[in-house]
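So the structure is just underneath, and the comments pick up after that.
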2 protein chains.
Amino acid sequence: MKSGQNGDGSIIKDAVSNGVQENQINWCDPKEYPFDLTGFAWFQKEKIYRRFPKQPVAKLPDRVNELADCTSGGQIRFKTNTRKLEIKVTLSGEANMGHMSALGQCGFDVYVGEPGKQQYLSSAIPPLNEKIYESTLWHFGSKLDELLEVTINFPLYQGVEEVLVGIDPDAVIQQPKPYQTEKRAIFYGTSITQGGCASRPGMSYTNILSRRFPLEFINLGFSGSGKGEKEVALSAREIERPGCFVIDYEGNVNADQYNATLLPFIELYREWHPFVPIIVMSRIRYAKHLNDEQGKDYERRREISRSTVAELQRKGDKYISFLDGSQLLGENWHECTVDGVHPNDLGFMKMADGIEDVLRTSLEKGGVI
Amino acid sequence: MKSGQNGDGSIIKDAVSNGVQENQINWCDPKEYPFDLTGFAWFQKEKIYRRFPKQPVAKLPDRVNELADCTSGGQIRFKTNTRKLEIKVTLSGEANMGHMSALGQCGFDVYVGEPGKQQYLSSAIPPLNEKIYESTLWHFGSKLDELLEVTINFPLYQGVEEVLVGIDPDAVIQQPKPYQTEKRAIFYGTSITQGGCASRPGMSYTNILSRRFPLEFINLGFSGSGKGEKEVALSAREIERPGCFVIDYEGNVNADQYNATLLPFIELYREWHPFVPIIVMSRIRYAKHLNDEQGKDYERRREISRSTVAELQRKGDKYISFLDGSQLLGENWHECTVDGVHPNDLGFMKMADGIEDVLRTSLEKGGVI
């Protein structure tokens, strides 16, 4: 797609010469300048919407390798004055879960406003049983007085082969306002980390938090398969410019597995990043009554998180902290999930509210913000 | 299904003689004693899961007639000591919306605890593209010391042709604890009233409120089709033992239509129920920026609610009140919907929180609680 670049960094797409005009819509590829594409740490090298490298330093577990194609945490950022904003999407597959909306799994949603001040505006709702869809994100009745800062969130539970952003032929696209820092907040963990079961992409807890901090967020939640493997640590530590690393995989393992993996996982990361803030989170509460064995295992895992962090602190690590996930959902904790395990939007908002201060303290201590 | 009734009102199902035993599960029909089936005002006459009569006093609008088969607000209540609780469902159709989970549309969820103290426990998640499914709601590891009070919520956006509740062959089913009053809270309105887009049935605002008040709730939300028609008022006023009537259909009509229908709708209801508390709710905020025309229409509708209630109060109606819906979602209002229109679980919880006091005041004023 050809475009003419202006002196101020904006482009005005040429609706006639680029050959992709349809119904007065100019389709733009967010992989190109001046869009800012965040959440995919290997994007600059590989130019695909993927959360781990195609050729990792160590072979990833098969399911992690597959789930890395889910686009959770990906964002398209830009400024525009278009009266009409459309989106055209080609997914890798269709929505396939009964406890999460197709919108949360395969849809996009859009926020407007500067980093830290974004407001939700609308959603691109995928049809059921379709891999390709098109949606109008907004169609304002009157001309915009100024350019809007736009953030579009990628789907949480599906791969995206292509996405195009459609604007008025005479509209402008410009680079978004830059973040305050080039460092990134990285979250590693479970299906909950990945965003199951948010009603729309912007409501996963990492995406909610991304609206409260002026830096890029990277989501490494791998549904059912974030298990603290060393191969995963070897790839995760390759992510450049880390501002903090949140470890939230406890829900995917039992206490013995957690005990065997947590310290080695942290140590591998620390080899490369001795001063990057690390937060070890324990799991949120289960709504379903646990029998004694499950309940004990849950308590043991939380104690492993707590004691591992305490031990590392005792040995001199000043940049590691423990976050007690069992308290995050608050008084009405049982209402906060879809299925007893995965948060609904109420639960995700409470998680974000409860994590925000700990994350801010860590980022400040690490000199990131 | 044959069952032997005990002196204390309980039954112990005979797993051998009833001929429906499968894998040590005794399937019970909640239409039968001692289950309490609520939310379907014509159930005692018609024995079907439906929100309006099959033969109404005046012909219902076609779409209202269809949507009356959606089971929003229906609940199955009972006491049991079963270690395993299962559910077997035959729906009228499959999940068909991209912005609401199949669970919210077609699933059931279960709460345990006495009226006013229920806690969410688990969900029956329907598979996609299936009309028939079976699900385990709980399977406790050890024997229960006492009978649990159980409430199972029906699907919000689909019809239910049959539902069976499966228990251990030696388990007991008893009548639930009765409500404090025989009167009912009735809500009439839109897709939002019906529960779009709660992640699971228990999270629609009327179902949340049903857990905070000791009486039956009846949901008359008709997605897109609750428009204040007189034929609908004629059927709604037939519902016996009303404890309050909440009118929440403003989002389905424009200001002119609202102005033409609201007063006649209220007057028809008042003919039969002069002292039943009525609450007229205005619509929650839209997330999508409204152009001037839409914004003005939204403001006009709110003003019609307010002034209609004020005029009726001036004329001596002591049991009618206005609830300003535009304030219900609070400070973070824009985060509270799935698509700019329909609440997510965060939005529904805020709606319930904001309505609770007004509803309590109305019910107290009407002498209901």
Side-chain angles (χ1 to χ4, degrees), chain A residues 94-107 109 111-112 118-123 125-130 133 137-142 197-200 202-203 208 211 287-294 332-340 342-350, chain B residues 94-107 109 111-112 118-123 125-130 133 137-142 197-200 202-203 208 211 287-294 332-340 342-350:
Chain A
E94 301 157 9
N96 53 26
M97 287 186 285
H99 58 324
M100 186 168 173
S101 71
L103 171 55
Q105 295 176 61
C106 303
D109 60 11
Y111 283 75
V112 295
Q118 294 110 312
Q119 284 210 336
Y120 167 74
L121 186 63
S122 68
S123 303
I125 300 169
L128 296 180
N129 308 316
E130 298 281 352
Y133 67 94
L137 285 168
W138 73 59
H139 195 167
F140 297 126
S142 52
C197 294
S199 73
R200 53 179 173 79
M203 295 309 285
I208 296 173
R211 296 192 284 280
K288 202 176 278 198
H289 291 183
L290 296 173
N291 64 26
D292 286 348
E293 283 308 308
Q294 285 175 310
N332 262 331
W333 57 273
H334 67 97
E335 294 284 32
C336 294
T337 73
V338 165
D339 56 357
H342 300 95
N344 51 20
D345 290 5
L346 177 65
F348 274 127
M349 187 58 77
K350 291 200 178 179
Chain B
E94 302 157 10
N96 53 25
M97 287 187 284
H99 57 324
M100 188 169 173
S101 71
L103 171 55
Q105 294 175 63
C106 303
D109 60 12
Y111 283 74
V112 295
Q118 295 109 314
Q119 284 210 337
Y120 166 73
L121 186 63
S122 68
S123 303
I125 301 170
L128 297 180
N129 307 316
E130 299 282 352
Y133 66 94
L137 285 168
W138 73 59
H139 194 166
F140 297 126
S142 51
C197 292
S199 73
R200 53 180 172 78
M203 296 308 284
I208 295 173
R211 297 191 285 281
K288 202 176 277 198
H289 291 183
L290 296 173
N291 63 26
D292 286 348
E293 283 309 308
Q294 285 175 308
N332 264 330
W333 56 273
H334 67 98
E335 295 284 31
C336 293
T337 72
V338 165
D339 56 357
H342 300 94
N344 52 22
D345 289 5
L346 176 65
F348 275 126
M349 187 59 76
K350 291 200 178 181

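Lettering follows sequence order; numbering is per chain, from 1.
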Select one option (side chain, backbone, both, neither) describing which atoms of [X] are under 4.5 Å from chain A's heavy atoms.
X	value
B:Y111	side chain
B:M203	side chain
B:M349	side chain

Interatomic distance, A:D345 atom CG to A:C336 atom SG [nearest 0.5 angstrom]: 11.0 Å

Top of [options] for chain A proximity - count of heavy-atom pairs under 4.5 angstrom:
options	value
B:G107, B:S199, B:G104, B:G141	B:S199
B:E335, B:H99, B:M100	B:E335
B:S101, B:P127, B:A198	B:S101

Close side-chain approach of B:L346 and A:F348, heavy atoms under 4.5 Å: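 B:L346 vs A:F348: side chains apart.
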
A:P343 side chain reached by A:V338 side chain, heavy atoms, under 4.5 Å: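 The answer is no; the side chains never approach within 4.5 Å.
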
For the student: nearest non-hydrogen atoms of B:A102 and B:P126, plus distance: O-CG, 3.3 Å

Leading residue by heavy atom contact count with chain B [cutoff under 4.5 Å; candidates A:K350, A:R211, A:Q105]: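 Among A:K350, A:R211, A:Q105, the one with the most close pairs to chain B is A:R211.
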
Greatest number of heavy atom pairs closer than 4.5 Å to chain B - which of A:I208, A:L128, A:N332: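 Winner by heavy-atom pair count: A:L128.
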
Partner residues of B:E94 under the side chain to side chain contact (heavy atoms under 4.5 Å, CB included) criterion, sequence neighbours left out: B:N129, B:K131

Which residues share a salt bridge (Lys or Arg N to Asp or Glu O under 4.0 Å) with B:D109, sequence neighbours left out: B:R200

